[in-house]
Amino acid sequence: MSNILMKLQKEFDDNPFVSFDSNGQGVSRVYDDTWDYTARNESLRTVSFTAVSEIHRANIQRYVGKLLKYSMDKSTDNHVSVNQIKRWKDKLHRFSKSWGKSDFSLLSNNSEWRKFKSSLKGYYSERSIDEIATTINHLNEAGLLDRYVKFSELRILANDKESKQYIAMPSTVHAKVLQRVIDTVEIYHSHRLEISYAMSKGIELRDTELANVLSKLNVLSLSKSKASAPNQRVAKQAKKLGEAIPEYKFDQTGKWVHDILKDCLMCVDLFSGARKTELLSFNHNSYRVIAGVPVLQGKTYKVNKGVAKTETWVTHPIALKALELAYDMTQYARDIHKAVLSEALDNGDITKDAYQRSMRELSSAFIGTNMGMQFYGKARRAYLLELNQGLNLDKFSIVATPEEVDEFNFLNPDWYGEMEVGSSLPKLSLHDLRRSFAVFLVRNRLGNAQTIKYQFKHKNINMSHWYANYAQLTRAEDLLLDENLMSEVNEAMEELAVEAFDDIYNGSENLSGGGSKDIIKEQEERLGRGETIVMSRKELKALVKNGSKSIVLLPTGGYCTNSECERLCSIESFAAEDKPCSHLIITDKGAKGMAAQRKRLIKAFTDMNDMDDYAYSRILVGYKEKIRHIEHTLKSHKIPFEPFRQQIKALA
């Protein structure tokens with residue numbers, strides 16, 4: 001045993017408190033299996049040591065306790081977030097499992113340091129390795145070991161597996177998901193109070209039926225087989241209570257309501273880009289209109305030492321409907337939870353801090369709905385909506401087209417090849433929706449309402465106006481923006497720009513458009529010098545970051561390299577202009593998209609032409625010109641096609 005560990009044992013010999021209630025009274029001691037920080041009202045409530053083997057648990061608790069004490073003394077506000085405490089515990093637990101020891105001061109010894117590094121080799125990503133180095137240096141700062149490590153020393157031990165970023169959905173898939181959750185909100189919003197009433201009465205029926213059966217059988221509980229018949233009777237009667245509600249299903253576990261709640265949550269996320277903890281802070285009172293812009297105001301814990309602060313997200317009025325539906329239809333569960341909590345507080349089964357935290361959670365629109373007998377009538381550790389079963393990806397019936405697969409691979413290089421034609425997305429999480437939000441906000445940054453309407457296939461163009469609200473919001477005074485979300489938008493902007501320029505410089509055999517001449521010349525010069533890559537991704541990223549290059553992907557299939565452009569080439573059906581744009585670049589990938597666009601235009605032309613109506617002739621002239629313009633592009637990219645030769649019947 002090292003001298004430092006002996007000192008730690010002596011320092012914590014009296015098992016001091018490490019957490020306190022709102023009155024300053026001690027709650028958890030250093031050697032307790034769980035440290036309870038409920039009174040802090042942070043996003044994390046506890047730090048658990050139960051998963052740490054007993055042989056290492058006490059040592060890890062001592063080291064974490066010392067890091068906590070050192071950091072609190074060093075901090076100007078005497079505060080360390082619960083999330084930080086948990087990270088220390090997790091990293092030291094990881095050390096003990098791989099290295100086999102928990103006297104971390106031994107890492108000052110070169111022999112033990114070599115053994116420790118050997119235990120890491122090939123098991124962790126570079127990001128995890130950096131976190132390990134950071135923890136080692138925290139121990140050093142606190143005087144718990146005599147070693148400071150540079151990230152480069154440990155990075156060579158990382159494996160080749162990189163942590164994948166969250167996915168961004170292809171535009172048409174994004175539109176399908178968006179429309180599905182909006183449909184859910186629109187269908188059930190007017191039934192929200194009926195849903196709560198029907199569920200409440202159904203639970204009452206269950207309670208009455210259960211009491212009668214228990215009394216009749218003279219038992220305290222029912223086996224699963226004995227409970228089957230009364231449960232079926234209750235379900236049959238309870239279903240009648242919600243006959244006016246579309247596809248209503250009564251389920252004691254609240255699964256039917258839970259699924260609608262998830263759609264509501266996704267709807268709010270798709271129209272805000274908020275994180276999970278932030279979404280769960282919203283309720284029907286979170287929506288307001290400031291300077292003419294609809295916004296949501298809720299709580300965020302990011303970059304604030306785990307302490308909640310108010311943040312603002314721009315949104316669309318549909319978010320209000322989603323929040324009203326979520327809050328009002330779960331009122332039955334909220335009433336039951338509150339009654340149980342009040343009784344538990346009166347009986348001394350829970351602390352006042354736990355009661356107040358639970359009541360704050362129940363103010364959310366998104367709460368747990370499971371009233372199964374294993375949970376019913378008991379105070380719970382948490383009341384917010386659980387998403388252990390995911391976001392019901394299968395219910396969206398996504399069957400990827402070749403174009404969607406190409407777009408998915410373009411948007412998600414980390415996931416290249418993991419979405420196949422005829423399959424669905426490889427996964428879908430709330431943070432995937434957040435990244436999709438950022439990516440599509442960027443992709444439509446230069447567009448207008450019409451462009452966005454096309455890109456998202458919105459049924460109502462008013463929905464498209466929501467995307468323009470970010471520009472309005474930034475002009476409003478005294479209004480907070482989610483800085484982290486804006487940072488993510490900027491990152492998405494850079495990623496997409498690099499991908500686009502990589503496609504232009506290195507990924508396309510043929511280029512067309514007014515802006516392609518200079519690119520082709522540069523390609524010829526570099527390839528003529530024997531270079532295999534015209535411009536590396538590293539070079540491109542540097543140029544994008546310093547503002548030397550900017551780009552936007554147009555729905556028409558090309559790229560625009562002029563960030564100040566106000567032309568209408570972002571609208572697909574707009575007729576080709578006589579003067580070619582000097583900033584437009586079309587790659588082979590874009591030309592394939594234009595070939596598909598041409599087929600849609602030909603079908604639209606044919607359908608309209610069959611009406612033989614002179615009133616449509618000017619539109620048909622525009623369609624014809626656009627089709628011929630695309631054919632010129634297809635020739636440049638060596639894409640075969642049958643020339644379009646239809647005549648306008650009304651002008652014949």
Side-chain angles (χ1 to χ4, degrees), residues 170-172 400-421 443 494-544 548-562 565 569-570 572 576-577 580-602 626-644:
S171 57
T172 50
T401 65
E403 293 78 15
E404 287 168 344
V405 170
D406 286 344
E407 188 177 353
F408 177 86
N409 290 334
F410 171 77
L411 292 172
N412 306 285
D414 289 357
W415 292 84
Y416 191 94
E418 296 199 35
M419 186 182 191
E420 299 178 350
V421 175
R443 290 186 69 170
E494 291 176 0
E495 290 170 8
L496 286 172
V498 171
E499 290 296 327
F501 280 118
D502 191 41
D503 181 31
I504 291 171
Y505 280 96
N506 308 309
S508 186
E509 291 185 14
N510 306 288
L511 294 174
S512 62
S516 64
K517 294 180 181 179
D518 292 339
I519 304 293
I520 293 171
K521 184 179 179 181
E522 188 173 357
Q523 284 178 331
E524 291 173 347
E525 290 176 355
R526 293 206 177 200
L527 294 175
R529 295 197 298 266
E531 298 179 27
T532 56
I533 296 177
V534 178
M535 191 172 290
S536 70
R537 291 178 65 90
K538 187 175 181 181
E539 288 178 281
L540 291 170
K541 192 165 188 175
L543 291 171
V544 170
S548 298
K549 287 186 176 291
S550 63
I551 197 166
V552 64
L553 175 62
L554 303 170
T556 50
Y559 296 107
C560 177
T561 56
N562 180 10
C565 185
C569 49
S570 58
E572 177 182 357
E577 297 185 44
C581 176
S582 60
H583 302 287
L584 176 65
I585 300 175
I586 302 170
T587 63
D588 288 337
K589 185 186 296 183
K592 290 177 182 178
M594 293 178 75
Q597 179 194 143
R598 174 179 172 273
K599 290 179 181 179
R600 292 194 297 269
L601 286 169
I602 290 175
K626 182 67 176 179
I627 291 167
R628 287 177 175 171
H629 176 74
I630 292 176
E631 288 179 350
H632 180 74
T633 300
L634 298 185
K635 285 181 184 178
S636 300
H637 291 265
K638 302 178 177 62
I639 297 175
F641 63 92
E642 284 292 326
F644 180 74

Roughly how far, to the nearest 0.5 Å, is the [atom2] atom of [Y] from the [atom1] atom of [X]?
X	Y	atom1	atom2	value
Ile504	Ile520	CD1	CD1	11.0 Å
Ile586	Lys592	CD1	NZ	14.5 Å
His629	Leu634	NE2	CG	10.0 Å
Lys589	Asp503	NZ	CG	4.5 Å
Ile630	Lys599	CD1	NZ	12.0 Å
Ile519	Ser512	CD1	OG	12.5 Å

Name the one of Ile627, Ile639, Thr633 that satisfies side-chain contact (heavy atoms from CB on, under 4.5 Å) with Arg598?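 Result for side-chain contact (heavy atoms from CB on, under 4.5 Å) with Arg598: Ile627.
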What are the two closest heavy atoms between Phe408 and Trp415, and how far apart are they?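 It is CE2-O, 3.5 Å.
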Over all heavy atoms of both residues, which pair between Ser171 and Glu407 is shortest? Give the atoms and the distance, please.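 Scanning both residues completely, I find the closest heavy atoms to be N-OE2, 3.1 Å.
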Given Thr401 and Val421, is the side-chain contact (heavy atoms from CB on, under 4.5 Å) satisfied, shown in steps? CA-CA 5 Å; Thr401 65; Val421 175; over 6 Å; no
For the backbone of Pro643 and the side chain of Glu631, can you confirm whether one donor and one acceptor N or O come within less than 3.5 Å of each other?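 A pair under 3.5 Å: no.
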Could you check whether any side-chain N or O of Asn510 sits under 3.5 Å from a backbone N or O of Asp588, counting only pairs where one atom can act as donor and the other as acceptor?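 Side chain of Asn510 to backbone of Asp588: no pair is present.
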Listed by chain and number, what are the ring pair (Phe, Tyr, Trp, His ring centres under 6.0 Å) partners of Phe644, not counting sequence neighbours?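 With neighbours one apart ignored, the set is Phe605.
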Given the rule in the side-chain contact (heavy atoms from CB on, under 4.5 Å) test, do Met419 and Asn409 qualify, once you have shown the distances and angles that lead to the verdict? CA-CA 8 Å; Met419 186 182 191; Asn409 290 334; 5.5 Å; no
